[in-house]
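One structure is given below, encoded as structure tokens.
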Protein chains: 2
Amino acid sequence: MLKNYSAEDKVLLAVDCIIFGFDNEDLKILLIKRDFEPEKGKWSLIGGFLKKNETLDNAATRILHRLTGVHNIYMEQFYAYSEVDRDPVERTISVSYYALINIENHNEELSEHFNAKWFSLSKAPKLIFDHNEMLEKAIRRLQRKARIKPIGFELLPEKFTMLQLQKLYEAILNKKIDKRNFINKINSLDILIKLDEKDMTSSTKGSFLYKFDQEKYDDKLMSDFYIKL
Amino acid sequence: MLKNYSAEDKVLLAVDCIIFGFDNEDLKILLIKRDFEPEKGKWSLIGGFLKKNETLDNAATRILHRLTGVHNIYMEQFYAYSEVDRDPVERTISVSYYALINIENHNEELSEHFNAKWFSLSKAPKLIFDHNEMLEKAIRRLQRKARIKPIGFELLPEKFTMLQLQKLYEAILNKKIDKRNFINKINSLDILIKLDEKDMTSSTKGSFLYKFDQEKYDDKLMSDFYIKL
DNA sequence: TCAAAAGTGTTTATAGTACACCCATGG
DNA sequence: CCATGGGTGTACTATAAACACTTTTGA
């Protein structure tokens with residue numbers, strides 16, 4: 001007996017991308033203004049449909065690039081949304097992906113002919129369909145991740161100050177962190193290299209710049225740890 | 001402009017269920033022998049296709065029940081597999097779910113006219129398609145979960161001994177745990193009720209039975225903690 | 001000289017880890 | 001009376017948390 005696959009229902013499979021960025025102050029999310037019905041003119045996650053001959057990972061990368069110009073981003077899949085009426089036009093299941101990117105590194109790509117725009121999380125507009133739910137879940141995922149893996153490499157410029165890194169953690173975890181405890185914790189992880197340079201823009205005294213020690217950082221990514229902050 | 005959804009590719013969407021059970025000794029996985037081509041006669045996860053008018057959660061529940069008789073199980077979705085050739089017959093994306101169940105509670109349901117069988121993780125056969133990969137990922141997910149959430153309620157009988165609970169954690173984490181440290185840790189979580197009864201089957205002295213304090217257990221489920229064992 | 005951010009350590013509290021002996025009972 | 005699993009506590013170590021003052025320098 002060969003099972004009759006042709007008797008099974010086929011559906012549209014979409015991918016929606018939740019792209020987080022950081023501007024040294026707030027955690028931001030990249031959204032686009034829809035230029036087609038339904039919900040034309042409303043804000044939406046970056047999404048599109050899976051094609052027959054690509055994986056979901058490929059689709060996410062392709063769609064992100066098509067709609068925003070951003071490329072070379074590692075995205076992580078996190079949940080499939082399947083409410084029957086989630087898309088009013090036709091039955092569509094959506095698999096969501098999220099990524100962290102450095103806003104500055106991608107500003108040129110995000111040029112004007114794309115309808116994409118960064119929003120602070122606290123000022124994000126209402127989104128179409130179940131996209132707000134996706135965003136909420138992605139934030140929770142990101143917060144959990146920040147506690148068990150080092151994070152920051154993707155969101156900060158190559159060289160950054162301790163205060164920038166701390167602000168990033170504060171933005172993700174949405175809470176104030178004690179400066180001394182933060183520095184002690186980060187130093188104990190042993191993933192930063194302290195440079196000789198100082199950033200002079202933020203104060204008269206200037207603050208030392210750091211960069212990630214790629215090798216040690218990658219090691220830590222492999223093995224879980226727990227940051228309680 | 002109304003976007004032409006009809007130009008988009010549709011695909012088959014499958015659900016595969018990774019069902020973990022525990023027999024007081026080993027962590028086990030429920031598999032079925034396929035009774036149709038391709039790969040007829042080989043062992044497989046419990047899977048089937050999503051129908052047009054159900055959510056993925058519904059599909060997982062329906063498929064599990066259809067193929068094994070097991071019902072009333074809460075499953076958690078965890079990953080979508082989309083390699084282009086993962087199913088040789090036709091392009092199929094599969095969303096995997098996992099659940100923990102108490103083997104004893106479901107033995108009657110798992111009657112003979114189903115082709116389902118429990119395998120110890122260490123003795124699980126080679127599975128079809130990418131199902132081994134799904135199983136590996138599910139185990140890692142379960143291990144991570146066991147470290148940040150209380151676990152056991154679903155896998156143990158209503159009344160159980162400390163040793164049973166410890167064996168469960170040892171099976172999931174795949175390591176020996178010190179008895180005293182384990183008891184101290186579990187007691188500090190404050191989710192068990194010690195009963196007056198003893199289980200006399202395991203030793204001459206008998207060992208006290210416990211049950212989960214449903215309310216406190218549910219509270220702990222909400223807020224993450226960290227068990228390092 | 002002073003405003004503004006950088007930098008720096010210690011103490012206390014909590015949680016994790018390692019470890020070994022006596023107890024109760026049925027056979 | 002002894003074999004078997006049940007039950008119990010303490011000392012040590014590591015990590016987390018709370019907390020405040022001095023330094024630098026450009027304006």
Side-chain angles (χ1 to χ4, degrees), chain A residues 24-25 143-144 146-150 156-157 159-171 173-211 220 223-229, chain B residues 24-25 143 146-150 156-157 159-171 173 175-211 220 223-229:
Chain A
N24 288 337
E25 201 56 47
Q143 290 177 337
R144 198 173 333 131
R147 285 198 203 92
I148 60 174
K149 306 275 185 187
L156 292 173
K159 300 170 184 181
F160 51 88
T161 66
M162 271 290 179
L163 184 61
Q164 281 178 287
L165 185 59
Q166 181 176 341
K167 285 257 177 73
L168 170 60
Y169 269 89
E170 290 180 338
L173 300 177
N174 198 26
K175 65 190 286 199
K176 284 268 163 238
I177 300 170
D178 178 85
K179 180 168 54 162
R180 286 163 293 182
N181 290 341
F182 181 77
I183 292 171
N184 289 160
K185 172 64 73 130
I186 294 296
N187 283 336
S188 77
L189 292 179
D190 188 30
I191 50 175
L192 295 188
I193 297 169
K194 187 174 189 169
L195 303 174
D196 289 331
E197 296 173 69
K198 280 189 161 191
D199 168 63
M200 301 306 296
T201 64
S202 59
S203 73
T204 58
K205 187 180 180 181
S207 58
F208 281 103
L209 289 165
Y210 293 79
K211 64 176 185 179
K220 296 280 176 188
S223 57
D224 286 5
F225 57 78
Y226 298 112
I227 289 186
K228 290 196 205 149
L229 283 170
Chain B
N24 289 335
E25 200 59 44
Q143 290 177 336
R147 284 198 202 90
I148 61 174
K149 305 275 185 188
L156 291 173
K159 301 171 183 177
F160 51 87
T161 65
M162 272 291 179
L163 184 60
Q164 281 178 286
L165 185 60
Q166 182 177 340
K167 285 256 177 75
L168 170 60
Y169 269 88
E170 291 181 338
L173 300 177
K175 65 190 283 202
K176 283 271 162 234
I177 300 170
D178 178 85
K179 181 167 56 164
R180 283 163 295 183
N181 289 342
F182 181 77
I183 293 172
N184 289 160
K185 171 64 73 128
I186 295 295
N187 283 336
S188 78
L189 292 178
D190 189 30
I191 51 174
L192 294 189
I193 297 170
K194 186 175 190 170
L195 304 175
D196 290 330
E197 297 171 69
K198 281 189 159 187
D199 168 61
M200 302 305 296
T201 64
S202 58
S203 73
T204 58
K205 187 179 179 181
S207 58
F208 280 104
L209 289 164
Y210 293 79
K211 63 176 186 179
K220 295 282 175 184
S223 58
D224 285 5
F225 57 78
Y226 298 111
I227 289 186
K228 290 197 205 149
L229 284 172

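All chains are named by letter (A, B, ...) in the order of the sequence lines, taking the proteins before the strands, and each is independently numbered beginning at 1.
- Distance CD1 (Ile177(B)) to C1' (dA18(C)): 15 Å, rounded to an integer number of Å.
- Both the sub-6.0 Å distance and the 45° axial angle are not jointly satisfied by Lys194(B) relative to the ring of Tyr210(B).
- Following rounding to the nearest Å, Lys175(A) (NZ) and dA17(D) (C1') show an atom-to-atom distance of 11 Å.
- You'll find the side chain of Leu192(A) reaches within 4.5 Å of the side chain of Met162(A), heavy atoms only.
- A heavy-atom distance below 4.5 Å is not found between the side chains of Gln164(B) and Ser202(B).
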Sugar-phosphate means primed atoms, P, OP1 and OP2; the rest is base. With that split, encode nucleotides 6-14 of chain D 5' to 3' as B, S or - using protein heavy atoms under 4.0 Å. BBBB-----
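- To the nearest 0.5 Å, atoms CD1 (Ile183(B)) and CG (Asp178(B)) are separated by 9.0 Å.
- Between the CD atom of Gln166(A) and the P atom of dT8(C) there is a distance of 14 Å, given to the nearest Å.
- In this structure, CE of Met200(A) is placed 10 Å from P of dG7(C), rounded to the nearest angstrom.
- Between Lys185(A) and the phosphate of dT15(D), there is no side-chain N or O to OP1/OP2 separation shorter than 4.0 Å.
- Between the CG atom of Leu165(A) and the P atom of dA5(C) there is a distance of 19 Å, rounded to whole Å.
- Annotation: Lys211(B), atom NZ; neighbour count of heavy atoms from other residues, nucleotides and ligands within 6.0 Å does not exceed 12.
- Atoms NZ (Lys176(B)) and C1' (dT17(C)) sit 18 Å apart, rounded to a whole Å.
- Rounded to a whole Å, the CZ atom of Phe182(B) is 20 Å from the P atom of dC19(C).
- To the nearest angstrom, P of dT17(C) lies 14 Å from CD1 of Ile186(B).
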